[in-house]
Participant: 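Here's a structure for you.
The model shown is predicted, which means the values in this text are computed figures rather than measured ones.
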Amino acid sequence: MTLAVVTLSGWITLVVLAAAIVLFVGGWLAPEIVAITAAGLLIATGVLEPSQALAGFGSPALITLLGMFVLSQGLLHSGALDRLRELLSSPRIRSQQQLVALLGGVVAPLSAVIPNTPIVAILLPVIEGWCRRRGVSPSRVLIPLSIATITGGTLTLIGTSTNLLASDVSASLGYGGFQLFSFTAIGIPVWLIGALYLLLASRWLPDRGLNASGTLTELTREGYLTEVVLPRRSPLTGSTLHASRLQRRFDVDVLSVHRGGQRLQPPLAELRLKAGDRLLLRCTRGELLRLQQDQMVALAGTLLAASDDNPASEDASATSPAAATASSSTSTSIRLTEVLLPTGSLLAGATLRDLRFRQRFNATVLAVKRANTTLHDRLGRLPLKAGDLLLIQAPLDAIRGLQENSELVVLDDLESDLPTTHRKWLAVLTMALVLLLSGLQVMPLVAAVLLGVGVLVVGGCLDASSALRSIRWDVYLMLGGLFSFSAALRQSGLAQLAAEGLLGQLQGWPVYGALVAVYALTLVSTELLSNGAAVVLLLPVVASLAEGLGQPPLVFIYAVVFAASQSFLSPIGYQTNLMVFSPGNYRFLDFLRFGWPLTAIYTLVIPAVILHVMGGG
């Protein structure tokens, strides 16, 4: 890129994009906030007109995405996946290899029509239950679950939000939007290669053990953080930690002691305890239950509601042992369950106290687990993060309500408790008609999806409030804001300048080599930023590059789309990776070790498949 020919709008765009990239990588702000703020800056500085910057929010692709969230929720809510759940729980699935084959052969194609996030959410507890019954570590099968849904998403236009965003950008570049099955001819080999790799390579996944899975079984000592308060009549009052033998009797680690709002400094062994002291403990789920039933301490999680309403009542509530146990004795339907905070949850970044969690969900958070992180903050003041596991105590009806909430994923399988629905076939038929009408081009995809939403709501598969709650507004805001990046790159001339720079490097290369280079560049951009950001930044550039090389632009556009949709190298690269990270008790490098061979295979194979299917060269 020649700096001398960069215009003022180009420099402004570079600064805004650089700041956005730093914020994307650093994670200090939610991606959707970064995207819409960047769009606002591009408008305020005159780089884009409001109609140009905001065009993405009303685009057919994003409206289609909103409708697909509702359609998929209608399928899940109506029990359309009951047969799959039964199959996964079937005694016929006896080995890890059989389960992985089922994930690659059945679950992956399903994610071509249902977003992968809800599929993973609904199958996680089923697969963990299978692991518990068969004595198989969840770490041996949960990464394959995530990868299967990712690879299956490339089979159709509606398989991923990235595909829909790419369709919009391609249309804005003048190359037309994509049809429902535009990716299928390339996606089928991608899916089959991925399924075969999972079947052959899953035997090398780490075995973290059943107890290390972190869900539905007792956790390791590194697992749960919980907070207890010493009631006035506790036998621990007046004694030291060493003399009380608390750590020996309950097999817990005392991480810190808080008194009067201050954290007391170690060493703590000889510290004389007082009524109202708050102890931060690390313990297993079993020890947590013993603590809850004992009169020596009160679980602070049961007191958060009182302190939310009246902070001054916090210590007073702690003096009553009944306060800690009332919630577990008032109803036989009270249960302990684990919930996961998924990527994009609006609860991330807030504390339990700020959220008024108990009033909001009728559930008490007893403990928190954050993978590979030591927590030291008090429970009520701990900012939640995506991937956190919360151990909650709640009535069965409240847990059922959480299953309908997109902000949390319930990891216990309550299928036997849920009422059956008689509208399953209406939901299935509606989705089939949406695919048929759009696939045969009887009507545009967006029209078919919106009509399908109306049928599900009018037909009673889900009510209007459930339909609105099912929409991932964070994804909508992020993709709509990112669309302005692509417009700014074209408007400022930066896309053409970047394409000329790449053309100078790739001139004389075979088309296959240039495609591999573009694919690899997209992979790196996806891991550093996000798949949506990689698409909007690179599509204008590679389209101009293709024209400079005398090749069909769609060949290079498809390379970017497929590379942006294959993120296997880190738990933060894709939201389904993060969803299985804590339940599988994985380490960060587990994804890199298992994902890099498949990534390398795809880098070499997918460009060749694209050239074979679409021509070029």
Participant: Strictly by side chain to side chain donor-acceptor pair (under 3.5 Å), give each pair with a member in residues 142-157 just once, sequence neighbours left out.
Facilitator: S146-T576, S146-N577

Participant: Flag the pair L341 / L408 as yes when at least one side-chain heavy-atom distance between them is below 4.5 Å, and no otherwise.
Facilitator: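 A side-chain contact exists here, since the closest heavy-atom pair is under 4.5 Å.
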
Participant: Given side chains that start at C-beta, do those of L103 and L198 come closer than 4.5 Å, heavy atoms only?
Facilitator: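 Counting from C-beta outward, L103 and L198 never come under 4.5 Å.
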
Participant: Which residues satisfy the side-chain hydrogen bond (donor to acceptor under 3.5 Å, both in side chains) test with R92, sequence neighbours excluded?
Facilitator: S90

Participant: Taking the ring centre of each residue, are F588 and F581 less than 6.0 Å apart?
Facilitator: no

Participant: Testing the basics here: between S139 and P206, what is the closest heavy-atom pair and its distance to 0.1 Å?
Facilitator: OG-O, 2.7 Å

Participant: Nearest 0.5 angstrom please: I610 CD1 to L515 CG, how far?
Facilitator: 6.0 Å

Participant: Should L433 and V455 count as side-chain neighbours, where that means a heavy-atom distance under 4.5 Å?
Facilitator: no

Participant: Check for a donor-acceptor pair, side chain of N163 on one end and backbone N or O of G153 on the other, with a separation under 3.5 Å.
Facilitator: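 Flag set: sc N163 to bb G153 pair under 3.5 Å.
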
Participant: Is there side-chain contact between L435 and I158, with heavy atoms separated by less than 4.5 Å?
Facilitator: yes

Participant: Could I get the full list of side-chain contact (heavy atoms from CB on, under 4.5 Å) partners for V524, not counting sequence neighbours?
Facilitator: L528

Participant: What pairs with A101 under side-chain contact (heavy atoms from CB on, under 4.5 Å), at least two apart in sequence or on another chain?
Facilitator: L199

Participant: Can you tell me how far apart CG (L62) and CE (M478) are? Round to the nearest 0.5 Å.
Facilitator: 10.0 Å

Participant: Answer whether the closest heavy-atom distance between the side chains of L205 and L142 falls below 4.5 Å.
Facilitator: no

Participant: Contact between N531 and S567 at the side-chain level, heavy atoms closer than 4.5 Å - yes or no?
Facilitator: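 Sidechains of S567 and N531: no contact.
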
Participant: Return all side-chain donor-acceptor pairs below 3.5 angstrom for residues 186-197, not counting sequence neighbours, or 'none' if the list is empty.
Facilitator:
unit_1: W191; atom_1: NE1; unit_2: G104; atom_2: O; d: 2.7
unit_1: Y197; atom_1: OH; unit_2: F594; atom_2: O; d: 2.6

Participant: Measure the acute angle between the ring planes of F568 and Y602, then classify it against the limits of 30° and 60° as parallel, tilted or perpendicular.
Facilitator: tilted

Participant: Please lay out, stage by stage, how F556 and L539 fare under the test side chain to side chain contact (heavy atoms under 4.5 Å, CB included).
Facilitator: CA-CA 8 Å; F556 283 76; L539 282 193; over 6 Å; no

Participant: For S111 and A108, indicate whether the former's side chain and the latter's backbone hold a donor-acceptor pair under 3.5 Å.
Facilitator: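 Here the side-chain-to-backbone pair exists.
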
Participant: Can you name the residues that form a side-chain hydrogen bond (donor to acceptor under 3.5 Å, both in side chains) with R94, not counting sequence neighbours?
Facilitator: none

Participant: Return the orientation label for the F591 and Y586 ring planes: parallel under 30°, perpendicular over 60°, tilted otherwise.
Facilitator: perpendicular

Participant: Does any non-hydrogen side-chain atom of I606 lie less than 4.5 Å from one of V609?
Facilitator: no

Participant: Sub-3.5 Å donor-acceptor pair from the side chain of S170 to the main-chain atoms of S167, do we have one?
Facilitator: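 Looks like no, no N/O pair under 3.5 Å.
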
Participant: Could I get the full list of side-chain hydrogen bond (donor to acceptor under 3.5 Å, both in side chains) partners for S59, not counting sequence neighbours?
Facilitator: D168

Participant: Provide the closest heavy-atom pair for F181 versus G439 in the form atom of the first, atom of the second, distance.
Facilitator: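 Heavy atoms of F181 and G439 come nearest at CE1-CA, 3.6 Å.
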
Participant: Shortest non-hydrogen contact from L426 to C461?
Facilitator: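 Here L426 and C461 meet closest at CD2-SG, 3.8 Å.
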
Participant: Are the side chains of M68 and V449 in touch, meaning some heavy atoms are under 4.5 Å apart?
Facilitator: yes

Participant: The criterion is side-chain contact (heavy atoms from CB on, under 4.5 Å); which residues satisfy it with L450, sequence neighbours excluded?
Facilitator: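 Scan of L450 (side-chain contact (heavy atoms from CB on, under 4.5 Å), adjacent residues dropped) gives I63, V446.
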
Participant: Decide side chain to side chain contact (heavy atoms under 4.5 Å, CB included) for L71 and L75; before the verdict, give the C-alpha distance in whole Å, the side-chain angles of both, and the deciding distance to 0.1 Å.
Facilitator: CA-CA 6 Å; L71 286 178; L75 282 173; 5.9 Å; no

Participant: Could you give the distance from CG (L390) to CZ (F361), rounded to the nearest 0.5 Å?
Facilitator: 10.0 Å

Participant: With sequence neighbours left out, what residues match Q96 under side-chain hydrogen bond (donor to acceptor under 3.5 Å, both in side chains)?
Facilitator: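 Expected list: R140.
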
Participant: Measuring from atom CZ of R593 to atom CD1 of I143, what distance do you get when rounded to the nearest 0.5 angstrom?
Facilitator: 10.5 Å

Participant: Taking R587 first and then D590, would you say they form a salt bridge - that is, a charged N and a carboxylate O separated by under 4.0 Å?
Facilitator: no

Participant: Would you say the side chains of Q97 and S202 form a donor-acceptor pair under 3.5 Å?
Facilitator: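 Yes, a side-chain donor-acceptor pair sits under 3.5 Å.
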
Participant: What's the verdict on side chain to side chain contact (heavy atoms under 4.5 Å, CB included) for L604 and Y512, showing C-alpha distance, side-chain angles and the deciding distance?
Facilitator: CA-CA 9 Å; L604 297 176; Y512 171 74; 3.8 Å; yes

Participant: Show, in sequence, the C-alpha distance, side-chain angles and deciding distance for T603 and L523, and conclude whether the side chain to side chain contact (heavy atoms under 4.5 Å, CB included) test is met.
Facilitator: CA-CA 9 Å; T603 303; L523 280 177; 3.4 Å; yes

Participant: Who pairs with I93 by side-chain contact (heavy atoms from CB on, under 4.5 Å), at least two apart in sequence or on another chain?
Facilitator: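 Partners of I93 under the side-chain contact (heavy atoms from CB on, under 4.5 Å) test: Q98, L99, L102, W130.
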
Participant: List the atom of G74, the atom of A427, and the distance in Å for their closest heavy-atom pair.
Facilitator: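 Result for this residue pair: O-CB, 4.0 Å.
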
Participant: Nearest 0.5 Å, please: how far is CD in Q566 from CG in L598?
Facilitator: 7.5 Å

Participant: If you look at every heavy atom in A564 and T526, which pair is closest and at what distance?
Facilitator: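 For A564 and T526, the tightest heavy-atom pair comes out as CA-OG1, 3.4 Å.
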
Participant: With rounding to the nearest 0.5 angstrom, report the CG to OG distance, L65 to S161.
Facilitator: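 One finds 6.0 Å between CG of L65 and OG of S161.
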
Participant: Check ring-ring contact (aromatic ring centres under 6.0 Å, His included) between Y558 and all other residues, then give those that pass, not counting sequence neighbours.
Facilitator: F178, F183

Participant: How close do G481 and F57 get, counting heavy atoms only, and between which atoms?
Facilitator: N-CZ, 3.5 Å

